[in-house]
Amino acid sequence: LEVFQKGLRLPGSRKDIIRTQTLSGPSPVGGSAGGREGKVVQTLDEFEFQAAHYNIACAYGRLDRVVESCKSLENAFDFGFDNYATVRADPDLSLIHGSMEFDNLMERYDSKKGIFGLFK
């Protein structure tokens, strides 16, 4: 569990530029005076966040820690994870299946609406 949580702080596969300070003098790209100095960093992309939070949810699920597991699933869903069939069938989550917290979470993210669940 700790390893997955530490994984959220590792450099990811997405490159980003963080602006660090304002420069005086002419702009480095032309135009008006001044500019911003930047530093290239590696951050996690949405798929890496999804995987990390899903794996954390599974670890908490195996420990029968329902609230923490559901919170981690919610984080995975918020980052775009939407394979709800896997969530409902994953044996690592079997101890939380059927709990009120799990059922409420799944209803919020994967509610089956319409006739016979055909329409959302």
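There is a path of hydrophobic side-chain contacts, each under 4.5 Å, that joins Ile56 to Leu63. A continuous path of Ile, Leu, Val, Met, Phe, Trp and Tyr side chains, each step under 4.5 Å between heavy atoms, connects Leu105 with Tyr84, placing both in one hydrophobic cluster.
If you run side-chain contact (heavy atoms from CB on, under 4.5 Å) between Phe102 and each of Val66, Leu95, Leu73, only Leu73 comes through.
Using modelled atom types, one finds no donor on one side chain facing an acceptor on the other under 3.5 Å when comparing Tyr54 with Asn83.
Across Asp110 and Arg88, no two heavy atoms sit closer than the pair OD2-NH2, 3.1 Å.
No side-chain heavy atom of Glu101 sits less than 4.5 Å from a side-chain heavy atom of Ile96. Using a 4.5 Å cut-off on side-chain heavy atoms (C-beta onward), Tyr60 and Ser72 make contact.
Leu93 contributes atom CG, which lies 10.0 Å from atom CZ of Arg62 (distance to the nearest 0.5 angstrom). Atom OG of Ser69 is separated from atom CD of Glu74 by 11.5 Å, given to the nearest 0.5 angstrom. Taken from CE in Met106 to SG in Cys70, the straight-line distance is 9.5 Å, to the nearest 0.5 Å.
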Phe49 and Phe81: CA distance, side-chain angles, deciding distance, ring-ring contact (aromatic ring centres under 6.0 Å, His included) verdict: CA-CA 9 Å; Phe49 275 116; Phe81 185 85; over 10 Å; no
Residues Tyr109, Asp78; criterion side-chain hydrogen bond (donor to acceptor under 3.5 Å, both in side chains); working and verdict: CA-CA 9 Å; Tyr109 284 89; Asp78 287 344; 2.5 Å; yes
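The closest donor-acceptor contact from the side chain of His53 to the backbone of Phe77 lies at 3.5 Å or more, if one exists at all.
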